[in-house]
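In what follows, chains are A, B, ... by sequence order, proteins preceding strands, each numbered from 1. Hydrogens, waters and symmetry mates are skipped; everything else that's a heavy atom, side chains included, is used.
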Amino acid sequence: MNFIKKFNLINLIIMTSKEIRQAFLDYFESKQHKIVSSAPMVVKGDPTLMFTNAGMNQFKDIFLELRQPDAKRVADSQKCLRVSGKHNDLEEVGKDTYHHTMFEMLGNWSFGDYFKAEAIEWGWEFLTEIMKLDKNRLYATVFEGDIADNLEKDTEAENFWKKYLPEDRILNGSKKDNFWEMGETGPCGPCSEIHIDLRTQEERLKISGRELVNKDHPLVIEIWNLVFIQFNRKQSGELEQLPKKHVDTGMGFERLCMAVQGKFSNYDTDVFQPIICKIAELSGFKYGVSDEVDIAMRVIADHFRTIAFSIADGQLPANEKAGYVIRRILRRAVRYAFTFLEQKTSFLHKLLPVLIEVMGEQYPEITLQQQLITKVIEEEELSFLNTLDTGIHLLNNAIEILIAEKENVLDGKLAFTLYDSFGFPPDLTELILSEKGFMLDKKGFDEHMNVQKDRSRNTIKQETDEWINVYDDDIEEFVGYDRTEARVRISRYRKAKVRGKDEYHIVFNLTPFYAESGGQVGDTGYFEADGEKIEIFDTQKEHNQIVHVTKKIPGNINLEFRAVVNSKKQKLTAANHSATHLLHFVLRKVIGEHVEQKGSLVDSEKLRFDFAHYQKLTVQQIKEVENLVNGLIRLNIPLSEFRNIPINEAKDMGAMALFGEKYGDTVRVIRFGESVELCGGIHVNATGEIGMFKIISESAIAAGIRRIEAITAFEIENYINDLENTIDSIKNVLKVPDKIAQKVEKLVEENKTLKKQVELMQKEKIKFIKQDLKANIQEVNGMNVIIAKLDAPNADFLKQISFDLKGEVSNLFLTFAAELNGKAFLSVMLGNELVEKGMNANTIIREIAKEIQGGGGGQPFYATAGGKNPKGIEAALKKCLEIIS
RNA sequence: GGGGGAUUAGCUCAGUUGGCUAGAGCGUUUGACUGGCAGUCAAAAGGUCAUCGGUUCGAUUCCGAUAUUCUCCA
C-alpha cells in the first residue's frame, strides 16, 4: 500500500516517460518479479526471426520447455522492432499517430506460477491506481470461444474482470483478436486485452467507446495484452493442455505514455516531441501545419530511433538480411526528408544528440557508441542520396522518350527496373511523373513485383518435420569443454529438406560438439554404434538446443553411440579463437580503448575480426599488433577458464562485455593474462599452442568499421611455403640468387625502352612499306589502286598501314592480303571520294572472300575478311582487280 | 537463399542492329597571356574498356564462368 501512496504523490504532476517506465518496473518488483534487462533488438541464433518483435521473444525457449526459468516471475522493458514477417508495421508508420517500427514493450511474465487472477488484478491496479487512468475509459476483451478448435469461452477471465468492470465494458473477442499463437505450432492460449478510450468527452457522448474497441480507431486503442498460455498446438492442429500454465503480457510503452500524459498521439508525448522539435529546427518546417510535413516528421522520428538502436546493437546497414532491413528503413526516412522536408543533403545523423537525451539513460548503448552511430548514418544517407541522383537521371531519360513518343504513361516494367535494379522508390517515381504530367502503369509494376515475390518464395521452401522424441532427457548437456568424445543417446530428431536435399537434425542427451555461436563455427565429426558410422557435417544451435546435422539417421536410433569430434579441426579453430582474443586485447592497447568488437568469424582456416575504428591502420600499427600478439603467444600464457560465474564478478575481473549481447545470470570467462572476455567458445590450453599470428588483410567494411583477417599455426606454414615457392620460381625465371626487386625493376625499365624501340622500328618498317607501295600505285579508272600481298605480324599492322595510306593518297583503292596463323586474311580500304561515289568495301570484300572460303564485312570504307584457304589469296587479289577494271 | 544491374582515363560518367584504329567534363602536366593571386586560351600525357574463356573476318559491345560492387524479393 505504501508503494501505491508513493506514486500517488508523483502522479499529481504529469509523469515523464522515464518515470512511467520506472514505475512499471518498480511496481512488478514489488510483486516479487525479477527485473531483467532488454534483450538486443537484433536477434542472433534464431533462423526464424531477425528482430525481437515482442517482449516474450527472449523467453520463447522457456515456453517451449527447452530451458528452465531462473525466476518464476519476471518483468522488463523490451526494445522491439516490427518491420518484417507477420507483424509488419513499416508502411503504416507516420500515416497515423500510433504505429511504430521500434517501440518499447513493457511486460510481466509468470512461468508456471501465477495465472489469470493475478495478471488481471495487477494489470488493473497498475493502470488505475499507479498510472491513475480513468476507470471509466477502460475496456477488457475476453476470448469468446471457437467451435473449430472445440474451445469454450474464457469465462474464467471474464469473471475476474467482473470484479473491476461493469459487464457492458467487458467484450467478447474472436479467435483472430483474442487467441494468441506463437506460430503454426507450439504454445498458445486465450488472451485478454485492455483497451482505453482517449477521446474527448464530447466525442464519447456521441458514440460509445464500446462500439470502437478493435475498430482501428486512433484513440480507442489496445494498451495491454494479457496472454494466458495453457495449450500446445501440435502439427496435426490438435490442442493439448500444458502441464504448466504461463502468463505473457505486453503493454505498448509509447501508448501508455500517451494515455498517462493526456495526449492524442504517441508522437505528442515526451518520447517523440524532442526529436520532432529538432527535425523542425533543422529543416525549417513546422510540425502541425500540413499533413504531408507532419507525416514526414513522424516517419523520420520513428525510423531514426530504429536505425540508431540497431546500429548500437551491432546491426549495421547492409545489402542482405537484417542489415538490409535496417538500410531500407533508413532510406525510407531519407526519402521522406528529401521529398517533404526538402533535405537534399544528409541530416538524419544530426538527430542523435536529442535521442540520447531522451533514451540514453535507460539504454546506455546509444550514448557509448555515439560517434559510430553518427558516422554510419551519415555515410548511408550520402550513399542513398547518390542512388536517388542516379535514379532521377534515369527517370528523366525515360520521360524524354515518353515525350518523343507522345505517350503519357510510363511502362510498369521500366518503373520496376528502376526500383529493382537501382533502388529508386516507386512512390518517388510516381511523384516525379505526376509533377510533369505523366502517369505510372501501377498495375504493370505490381505484376512484375509479384513475379519476383513468387520466385523468391518458391526457392525458399525449407521444410522441417516435427521433432520426434526418442529418449526423454530434460537437460542437454554440453561436455565439449573437457572432452572431444562421449557416449550419447539420441533424445530427438527430425527430418528437414534443405534446397531439395534431405538432411537430419539430431539432438543428443549430451554432446561434445560445439554449436556455431559467438563467431566460432560448429564442430564436425561423426557418431557410431554397432558398426554404423554417421558423419556430422555441421552443428547449430536452435532455441538453446544443440542440433547435429547429418545426411542420414542410424538404423537403430535407440542405441548408445560414441560421438567423436574432429579434434584436429577443432584445435585449429581453437587456436584462431584464442588468437582473436589476443588480437582484440592488443588492438585496444595499440589504437585505443574505443575499439569495440563488431563481429567475428572463427573457423579452422582463419579468423576475421570486425571492430569500430575510424581510419586505416598504418603499416607500422599492423606490425606492432602482430609483434605484440606474437609476444603474448611466446609467453605461453595458460588459459584460466571460469564457468558459471555471476556477471558482476566477471565485470570486476575486467571482462569486456559486448553491448547488445544478452547474457544469462552466470557467464563463462576466458582469461589469458590481461585479456579477459566473456566467451562460450573453445580455446587453447596455453597461448603457445597458437604457434604464430599473421595479419593477412586489413580493410574497411562500413563507415567506422574495419576488418582484420589473420591466420595462425599451420596456416602460417602454408602461407610461408606458398611465398617461398613463388619467390623461388621468380628467382628461377630471373636466374638471380637475390635482389629480386632490383632485377625486376631493371627488367621493367628495359621492357619499356624495348617496346618503344619496337614501336619505332615498326613505324620505320611501315614507312618503308608505304613508300614501296606508293611507288607501285596503278591507275585504274581514275582510282589509285594498290593490291598487294604482304608479310604481316598481325591484322592490326595492316590496319595501321591502311589508315595511314588513306590519309596520304587520294582516290585510294587498297587491298591487302596476308597469311596469318595458316589462315588467309584480306582487307579493303577505300578513300572517301570513292565511298561518296557509292563504292562499298563491304560488298567487295564479301565477293573476293569467296576465293579464300571465308566471309567478312565492315564499314563502307574499310572491311576485313578471313578464310581457311590461304591458297586462294592469289585468286582473290586477281578477282579484286577484275571487279574494279 | 533467389532475381536484376554495374565494372570504360586519377575522379564522375557517355558510348545499340558487333566495325567511327575508344569519347566528354573535372583533375594532372606543359606552353602562352597577366605585375602577382586567380583566371582565360592552347596543347599534351593518361585506357590490357574488371579477369578468364567462347562465338566471329572483327568483341568495349553478343554468350558463359569468375571476381568486386549496387539493388530488389524472401
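- Taking side-chain N and O atoms only, A:Y419 has a distance below 4.0 Å to OP1 or OP2 of B:rC73.
- Under 3.5 Å, the side chains of A:Q452 and A:D420 contain a donor-acceptor pair of N or O atoms.
- The gap from the P atom of B:rC11 to that of B:rG58 amounts to 33 Å, rounded to the nearest Å.
- With hydrogens and angles left out, the side chain of A:Q859 and the base of B:rC20 share no donor-acceptor pair within 3.5 Å.
- Taking the centre of each ring, A:F445 and A:F416 come in below the 6.0 Å mark.
- Nearest to the side-chain atoms of A:R331 among the listed nucleotides B:rC20, B:rC70, B:rC73 stands B:rC70.
- Residue A:R327 places at least one side-chain N or O closer than 4.0 Å to OP1 or OP2 of B:rU71.
- Under the 4.0 Å criterion applied to side-chain N and carboxylate O atoms, A:K541 and A:E516 are not assigned as salt-bridge partners.
- Where A:R846 and A:N386 each meet RNA chain B at their nearest nucleotide, the meeting point lying more 5' is that of A:N386.
- In this structure, A:G854 reaches neither bases nor backbone, as no heavy-atom distance under 4.0 Å exists between it and the strands shown.
- For B:rU7, the paired base is B:rA67 (Watson-Crick or G-U wobble, both distances below 3.5 Å).
- A:G867 comes within 4.0 angstrom of nothing in the nucleic acid, heavy atoms only.
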Apply the test salt bridge (Lys or Arg N to Asp or Glu O under 4.0 Å) to residues A:K770 and A:E808: give CA-CA distance (whole Å), side-chain angles for both, the deciding distance (0.1 Å), then the verdict.
CA-CA 10 Å; A:K770 282 195 303 193; A:E808 291 167 21; 3.0 Å; yes

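- Looking at the side chain of A:K453, the nearest of the listed nucleotides B:rG4, B:rU21, B:rC73 is B:rC73.
- Between the side chain of A:T864 and the base of B:rG19, a donor-acceptor pair under 3.5 Å is found.
- Backbone-only engagement by A:G423 is indicated by non-hydrogen atom pairs under 4.0 Å involving sugar-phosphate atoms exclusively.
- Across all strands shown, B:rU61 forms no Watson-Crick or G-U wobble pair with both key distances under 3.5 Å.
- In this structure, A:Y324 reaches the B:rC73 phosphate: one of its side-chain N or O atoms is under 4.0 Å from OP1 or OP2.
- For the C1' atoms, the distance linking B:rU12 with B:rU16 amounts to 23 Å, nearest Å.
- Regarding A:L394, its CG atom lies at a distance of 13 Å from the C1' atom of B:rC70, rounded to whole Å.
- With C1' as the reference atom, B:rG54 and B:rG46 are 32 Å apart, rounded to whole Å.
- B:rU71 and B:rU61: their C1' atoms are spaced 24 Å apart (whole Å).
- Across all strands shown, B:rU48 forms no Watson-Crick or G-U wobble pair with both distances under 3.5 Å.
- Contact annotation: A:R328 side-chain N/O to B:rC73 OP1/OP2 distance is under 4.0 Å.
- Pairing for B:rG1 is with B:rC73, a Watson-Crick or G-U wobble pair whose two hydrogen-bonding atom distances lie under 3.5 Å.
- Evaluation of atom-type donor-acceptor distances gives a pair under 3.5 Å for the side chain of A:D420 against the base of B:rG3.
- Across the P atoms, B:rA6 and B:rA45 are found 32 Å apart, a figure rounded to whole Å.
- B:rC20 and B:rA32 have their P atoms separated by 38 Å, given to the nearest Å.
- Remark: the separation of the P atoms in B:rG5 and B:rA43 is 41 Å, to the nearest Å.
- A:F424 comes within 4.0 angstrom of no nucleic acid atom, judged by non-hydrogen atoms across all strands.
- Comparing B:rG19, B:rC73, B:rU21 by their nearest atom to the side chain of A:Q800 picks out B:rU21.
- Between atom OG1 of residue A:T864 and atom CD of residue A:Q859 there is a gap of 9.0 Å, rounded to the nearest 0.5 Å.
- Contact check on A:R335 versus A:D427 returns a salt bridge, with a Lys/Arg side-chain nitrogen under 4.0 Å from an Asp/Glu carboxylate oxygen.
- Atom pair A:D804:CG and B:rU21:C1' shows a separation of 10 Å (rounding to whole Å applied).
- When each of B:rC57, B:rU21, B:rC73 is scored by its nearest atom to the side-chain atoms of A:K799, the top-ranked nucleotide is B:rU21.
- Judged by Watson-Crick or G-U wobble contacts below 3.5 Å, the nucleotide B:rC13 has B:rG23 as its partner.
- Taking 4.0 Å as the cut-off between side-chain N and carboxylate O, A:K879 and A:E847 count as a salt-bridged pair.
- Across every strand in view, B:rU56 sits unpaired, with no contact that passes the Watson-Crick or G-U test at under 3.5 angstrom.
- In terms of polar N and O atoms assigned as donor or acceptor, the side chain of A:Q452 comes within less than 3.5 Å of the base of B:rG2 in a complementary pairing.
- Under the Watson-Crick or G-U wobble criterion, with both distances below 3.5 Å, B:rA42 is paired with B:rU30.
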